Student: 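Can you keep this structure in mind? I'll have questions shortly.
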Amino acid sequence: MASRLTTVPVVALAALLFVACTTPDAAPTPTAPPDVFGPTPSIHDESTPTTRPRPSTVTTADQDRAFMYPVDPVTLEALGGFQPMRMGDWVWGQASPNGKYFAASVGNDNSGSTEIRLIDVEGWTELGSWQETSSSELFVSDEGIVYFFSPNNQLRSLTPGDESSVTLAEVPLDYYVWGGQLSGDGLLASYGVHTLNGIEESSAIVVTVIDTGALTVIDLPQARHGSLEPTSNEPWSGYLYAFPGFVLDPAGSRALVVHAHQDVVSEVDLLTGSVTDHEVPELSAVTDLARTSLQRSAALSPDGGMLFVASTRTEALVDGHDWTVTNTPLGVRAIDTTSWTTSFSLDEPIGEIRISPEGDRLLATGFTSTESQNLYEGTTSGLFLLEAAQLRVLAHHEPPSADTGLGGFSFNQEAGVGYTSIWNPMPSVLAIDLHSGQITAEATGSSHLEMLGPIGVMSELR
């Protein structure tokens with residue numbers, strides 16, 4: 001039974017970080033619980049819902065509009081005794097696996113400048129600030145060393161006490177990289193895209209040995225990325241964007257790439273560079289490259305034995321000079337990585353997934369849209385909580401309105417809570433109990449939370 005997105009309080013367990021667009025020295029104040037705006041899931045207990053508002057937004061041009069402070073991971077309330085940190089006009093970043101450090105990319109809208117900051121979370125102090133620009137997400141090790149790819153395709157590192165970054169390796173200029181993972185073996189594996197004459201063409205895995213700077217590019221020419229017909233001049237062709245699914249084994253030894261136009265998963269050994277392609281039926285391959293494309297979202301169980309794939313199909317329907325482009329989430333498939341067959345499937349409107357650290361839960365959503373020369377309609381399918389073992393729907397929270405945006409997931413496994421972002425129209429972060437499926441709290445004024453280890457960060461996205 002579906003519910004409207006609602007909020008209910010539960011007991012606090014640990015701390016995370018919150019970044020909001022607001023005054024730098026304000027603190028949130030709990031208010032009386034508002035009315036619930038929809039029915040609650042049938043699987044949860046009956047608790048009084050409440051929302052936790054954030055301080056009002058500041059729009060003064062010469063004042064920082066984002067700041068960061070620790071909050072309770074369950075109620076999303078600010079923890080006392082911590083001075084909020086000013087974080088420019090916008091901020092995003094990543095925590096170290098052990099949760100001791102947080103690396104942030106901070107922007108200033110007036111000057112157009114960016115900087116990278118490193119925060120000691122336990123001591124709540126800034127360890128360093130550098131006028132550097134990252135073209136990828138930031139990676140921070142358990143030792144507090146920050147790694148990033150610069151706009152000129154260099155992999156650089158920042159160490160507390162150093163005045164500037166150090167170049168470790170250079171990626172060929174006909175590739176760009178984003179995403180990835182630092183492994184315990186000292187490898188940084190990233191998803192890359194090969195370009196030809198500036199046009200995105202296919203996927204690649206970029207592997208760097210941190211200690212030596214040795215960099216290897218593993219090409220996957222059959223895993224198409226971008227427009228499948230890049231030379232088409234049809235007005236609807238730009239909507240057809242193929243996006244493969246990419247996931248790294250938790251052990252850091254292999255990567256899996258789910259092709260966006262065929263029923264194939266490429267298994268990449270990061271140590272040897274070998275690639276094995278596995279045909280997987282029922283992945284909804286594209287048969288008409290000129291008018292159809294797929295976007296994949298992938299997740300892998302902690303033991304590497306089960307690959308979860310959600311897909312969204314983009315299709316151009318053409319009738320003479322009239323055209324319509326539709327986006328349709330196709331659901332989830334659970335694929336056994338030993339036999340490479342589909343074990344379970346779920347035909348719900350889902351196109352985006354993320355798995356919990358223990359591998360027993362999936363958070364999911366999807367977006368359906370129709371667009372033509374003079375029409376646009378789009379709606380999210382809401383928030384799904386799935387049992388990973390057999391792809392059972394444990395809870396489904398419908399969006400409060402058709403134009404609500406929802407996406408981006410993270411977890412605090414110790415607290416048993418997952419997080420997602422909604423926009424309706426103001427951004428908020430929701431906390432959902434991973435056992436009951438109940439929405440436990442809402443933090444307004446922020447739109448994303450990323451959780452690694454015992455901490456996380458909510459940051460404004462504009």
Side-chain angles (χ1 to χ4, degrees), residues 2-8 16-22 28 31 34-38 49-59 65-68 71 76 87-93 105 107 109 137 239 241 243 295 297 310 312 314 327-329 349-354 363-371 375-385 395-411 417-432 438-451 456-462:
S3 80
R4 291 289 185 178
L5 294 172
T6 61
T7 57
V8 291
L16 50 87
L17 299 179
F18 176 81
V19 179
C21 178
T22 179
T31 60
D35 292 333
V36 182
F37 53 80
T50 182
T51 50
R52 305 294 180 183
R54 296 293 157 185
S56 59
T57 300
V58 173
T59 56
R65 292 181 291 172
F67 71 100
M68 182 170 67
V71 301
L76 305 182
M87 302 300 277
D89 290 309
W90 53 263
V91 57
W92 56 269
S105 183
D109 288 343
E137 71 175 82
Y239 294 89
Y241 192 85
F243 198 93
Q295 299 83 48
S297 177
T312 299
T314 302
N327 284 287
T328 307
I350 292 173
E352 179 186 354
I353 55 173
R354 187 160 179 179
L363 288 177
T365 190
F367 188 77
T368 302
S369 67
T370 300
E371 184 165 359
L375 171 69
Y376 176 81
E377 296 177 342
T379 182
T380 178
S381 59
L383 175 61
F384 289 86
L385 176 66
H396 176 212
H397 299 274
E398 295 179 352
S401 65
D403 57 353
T404 297
L406 187 150
F409 302 118
S410 54
F411 297 89
V417 180
Y419 309 90
T420 191
S421 308
I422 64 170
W423 297 264
N424 184 40
M426 291 295 296
S428 297
V429 169
L430 301 179
I432 180 172
Q438 187 177 4
I439 301 295
T440 59
E442 177 178 358
T444 60
S446 182
S447 60
H448 182 62
L449 183 145
E450 185 66 31
M451 179 67 64
V457 59
M458 276 189 279
S459 58
E460 180 201 14
L461 301 178
R462 298 200 301 267

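Keep in mind it's a predicted model, so treat the numbers as computed, not measured.
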Student: Is a side-chain donor or acceptor of Arg354 paired with a backbone partner of Leu363 at a separation under 3.5 angstrom?
Tutor: no
Student: For the backbone of Tyr241 and the side chain of Gln295, can you confirm whether one donor and one acceptor N or O come within less than 3.5 Å of each other?
Tutor: yes
Student: When you compare the side chain of Phe243 with that of Thr312, does any pair of heavy atoms fall below 4.5 Å?
Tutor: no
Student: With heavy-atom distances below 4.5 Å as the criterion, would you say the side chains of Ile350 and Phe384 are in contact?
Tutor: yes
Student: For the pair Thr420 (side chain) and Gly408 (backbone), establish whether a donor and an acceptor sit closer than 3.5 Å, ignoring hydrogens and angles.
Tutor: yes
Student: Please identify which of these residues, Leu383, Thr404, Ile422, meets the side chain to side chain contact (heavy atoms under 4.5 Å, CB included) condition with Pro399.
Tutor: Thr404
Student: Kindly indicate whether the side chain of Glu352, heavy atoms from C-beta on, has any atom under 4.5 Å from the side chain of Leu406.
Tutor: no
Student: For Pro349, does its backbone N or O pair with a side-chain atom of Ser381 as donor and acceptor, under 3.5 Å?
Tutor: yes
Student: Decide side chain to side chain contact (heavy atoms under 4.5 Å, CB included) for Glu377 and Thr368; before the verdict, give the C-alpha distance in whole Å, the side-chain angles of both, and the deciding distance to 0.1 Å.
Tutor: CA-CA 8 Å; Glu377 296 177 342; Thr368 302; over 6 Å; no
Student: Heavy atoms, side chains only, cut-off 4.5 Å: are Pro329 and Phe367 in contact?
Tutor: no
Student: Using a 3.5 Å distance criterion without hydrogens, assess whether the side chain of Ser105 forms a donor-acceptor pair with backbone atoms of Gly93.
Tutor: no
Student: Are any side-chain N or O atoms of Thr365 and backbone N or O atoms of Gly382, one a donor and one an acceptor, separated by less than 3.5 Å?
Tutor: yes
Student: Check the pair Thr314, Asn327 against side-chain hydrogen bond (donor to acceptor under 3.5 Å, both in side chains), reporting the backbone distance first and the verdict last.
Tutor: CA-CA 5 Å; Thr314 302; Asn327 284 287; 2.5 Å; yes
Student: Measure the shortest side-chain to side-chain distance between Glu442 and Val429 over non-hydrogen atoms and say whether it is less than 4.5 angstrom.
Tutor: no
Student: Can you tell me how far OH of Tyr419 sits from CZ of Phe409, rounded to the nearest 0.5 angstrom?
Tutor: 14.5 Å
